[in-house]
Amino acid sequence: MLEIKGLKVKLEEEDKEIIKGVDLTVEPGSVHAIMGPNGSGKSTLSYVLSGRPGYVVTDGTATLDGENLLDLEPEERAALGLFLAFQYPVEIPGVGNMTFLRTAVNAQRKARGQEEMNATDFLKLIRAKAKDLKIDAEMLKRPVNVGFSGGEKKRNEILQMAMLEPKMCILDETDSGLDVDAMKLVADGVNALRDTGRGFLVITHYQRLLDHIVPDVVHIMSDGRIVKSGGPELAIEVEKNGYADLMGEVAA
Amino acid sequence: MSAQVQSKRAQLKQAKLTATEERLQGLSLPGGGVWATEARQAALARLREMGLPGRRDEYWKFTRPDTLIQEEVPLAEVFVHDESPVFDGIDRLRIVFVDGVFNAAESDPLDLAGVEIERLSDAAQADIHWAREVFGKLEARGQSPVERPLSSFNTAFAGDGILIRATGRAEKPVSLIYRHESETSDAMLHHVVRLEKGANLTLLENGPAAARLNKVLEVDIADGAAFHHVRAQGRDHQRRAVTHIFARLGADSVFKSFTLTVNGTLTRNECVVEFTGDDGAAHVAGACLGDGDFHHDDTVFITHDAVACESRQVFKKVLRNGATGVFQGKILVQPGAQKTDGYQKSQSLLLDDDSQFLAKPELEIYADDVACSHGSTSGAIDEEGLFYLRSRGIEEGPATDLLTLAFLAEAVEEIEDERLAEEITGRLEGWLARRRG
Ligand SMILES: Nc1ncnc2c1ncn2[C@@H]1O[C@H](COP(=O)(O)OP(=O)(O)OP(=O)(O)O)[C@@H](O)[C@H]1O
Ligand SMILES: [Mg+2]
């Protein structure tokens, strides 16, 4: 479903290459995890896939179900079924969470030629999903992410994902800032969405999340490249020994 | 000050006075009984002493007054559209003016429980009238410390307008509807509102009014009374308007005024508020959307001359394609006006590099136990927020609109009545959606 080939990315503002040749294929129904040291380019990869301004793709391709993502506007990528749970969810003062989500859901439906969801159905749906994530009704009324705690912001990302039901979900450090119970909630939220047609790319620093969301493949990213891929045991190795050994291995 | 500077000033002033006399040539005061005539003559005398505003006046530094003053009215096409007028769904007493002239046939009967309503041109014929305590009186008080000659011009020559006296709680809003039908109409309207002790009234205003409008609204609010004002200035692109609100607040009284402005070549809205009794609250807010040939000026002056009064100013402007926004806002805290709570915020959202926002926020404080703050900012659309919305599937246009509405929301929230706030938000949404086509 998601297919990245020879992707190289530099910053628009300065001549600095961040992604230095990434190949990655996420099959439908599978969960891939990316781990890697700070600054290795994990978030940049997720941003480039979702179309954030400020980056220039100098080489390579990225497709979702055969469609070239890199030519599309961010909203078109979303309508195709790509979703990014942000590492740092953005606060939007003055825009109610509920209004935001309803606008988003209906914009995507419209883009796919589906009928808009009416207010009653939407309310029912969001209440149920919010309950699963222990997000109270008050939070839905508040402006998007404004005054939310770190953990609340992350849960709000998963709520959006649950409402939008994307095909390809990228989670950028959704576990950081979560307490143990919230991590469980988020993992349950993700697992509930797991099915044969949906792919996940989970960026994380901690093996703990991967206990709950068991990945099919784990990749290690370093300095803009995927330097090693393997099964879930790779994450355990990272947890135990850090990256130094792995990188040494690669260099050797 | 050197003698040279002084004589230069004197020369400028003399030139202004000469120009004013020229402009007044051939104008005559509207006819009326003693009280109105006295007030008009006094206003004319004030005007002759001050002179009409000139380009060199400090208070008109950001806005050119000439087209508001000159004899010839700049043409303003009548904007034809099929949108239903604002406030249409609100139960209210409708009073219609066409090109600045009261239209009885289109208006509701001027009957409303708890309220007396009269046309100025009728009331002016009487020799005594309750309005004599207010008409031209609040305007006169408002000439110091800053002169507002166009309002004296209005008091002297405005023949039409509405006088409203509320003695209790008005059962529905009084709504002034200003139609524009002639592309050369030059309207002067003068309204007077008096709220007796404990009274409660909502006044609505909407419509472009005329090619050029000079309007004064004097509001005298007795102890414990509350006045709510929501207006939507008409969408006609070429219209020009100078408006003044003069409000005097008694103890424990409330004054809340909100203005929506979309389009219009030139708009200058002055609001002059004076607290004369303790524990009053005055909120003045405005939201404006300007595209292209648009110059919008909010000039606010709030005088705290009583204890423990609260004033809030919240002004938001969205500007693009070379539109200009101006904000001049002052909070003056007189000696003894302790426990004053003064707040002022003026912000612009510039949607491109061609547009500009000129702001002059001022505080002048002569009491020591006060809390006053002001902030003025200019900014562009938040790129992070925009990407976040787009990444959820919302197209760039609607996403920009959402952020724009969010920016304006703080001003709209100053409207207490939720239905009225919704009406205004609906207008803003409509305007933004139409711009996207
Ligand atoms: N807009 C930018 N301007 C300057 N440097 C940038 C920009 N975006 C990314 N970088 C740099 O690119 C590198 C990769 O950053 P990125 O955020 O992708 O790392 P990461 O792997 O997500 O790190 P972390 O684990 O800390 O979240 C870093 O050195 C970062 O400073
Ligand atoms: Mg990151």
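First the proteins, then the strands, lettered A, B, ... as listed; each starts at 1.
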> If you tally heavy-atom pairs under 4.5 Å against chain B, which of A/Pro93, A/Gly51, A/Gly96 wins?
A/Gly51
> Is the distance between the ring centroids of B/Phe357 and B/Phe315 under 6.0 Å?
no
> Using a cut-off of 6.0 Å, state whether more than 12 heavy atoms not belonging to B/Asp353 lie near its atom CG.
no
> Can A/Asp175 and A/Thr204 be counted as having a side-chain donor-acceptor contact under 3.5 angstrom?
yes
> Please flag which part of A/Arg52 lies under 4.5 Å from any non-hydrogen atom of chain B: side chain, backbone, both or neither.
both
> What part of B/Glu396 lies closer than 4.5 angstrom to a heavy atom of chain A: side chain, backbone, both or neither?
both
> With a 4.0 Å cut-off, would you call A/Glu17 and A/Lys8 a salt bridge?
no
> Identify which part of A/Val105 has an atom lying under 4.5 Å from any heavy atom of chain B, answering side chain, backbone, both or neither.
neither
> Does some side-chain heavy atom of A/Met139 sit less than 4.5 Å from a side-chain heavy atom of A/Arg155?
no
> What part of A/Asn106 gets within 4.5 angstrom of chain B, counting heavy atoms only: side chain, backbone, both, or neither?
neither
> Quick one: of A/Pro89, A/Pro74, A/Pro143, who has the most non-hydrogen atom pairs under 4.5 Å with chain B?
A/Pro74
> Any salt bridge between A/Lys10 and A/Asp15, counting N to O under 4.0 Å?
yes
> Under a 4.5 Å cutoff for heavy-atom pairs, which residue among A/Val95, A/Leu82, A/Leu80 has the most contacts with chain B?
A/Val95
> Side chains of A/Ser176 and A/His205: is there a donor and an acceptor less than 3.5 Å apart?
no
> Which residues from residues 53-64 of chain A are near chain B, with near meaning under 4.5 Å between non-hydrogen atoms?
A/Pro53
> Do B/Arg392 and A/Glu157 meet the salt-bridge criterion of a basic N to acidic O distance under 4.0 Å?
yes
> Please determine if A/Arg77 and A/Glu67 form a salt bridge, counting it only when a charged side-chain N lies under 4.0 Å from a carboxylate O.
no
> Mark yes when over 12 heavy atoms from residues, nucleotides or ligands other than B/Lys172 sit less than 6.0 Å from its NZ; otherwise mark no.
yes
> Which of residues 160-171 of chain A get closer than 4.5 angstrom to chain B, counting heavy atoms alone?
A/Gln160, A/Leu164
> Check whether any side-chain N or O of A/Arg109 sits under 3.5 Å from a backbone N or O of A/Glu115 as a donor-acceptor pair, and report yes or no.
yes
> Applying side-chain contact (heavy atoms from CB on, under 4.5 Å), run through B/Val254 and B/His283 and close with a yes or a no.
CA-CA 8 Å; B/Val254 171; B/His283 295 193; over 6 Å; no
> Answer yes if the side chains of B/Glu362 and B/His374 hold a donor-acceptor pair under 3.5 Å, and no otherwise.
no
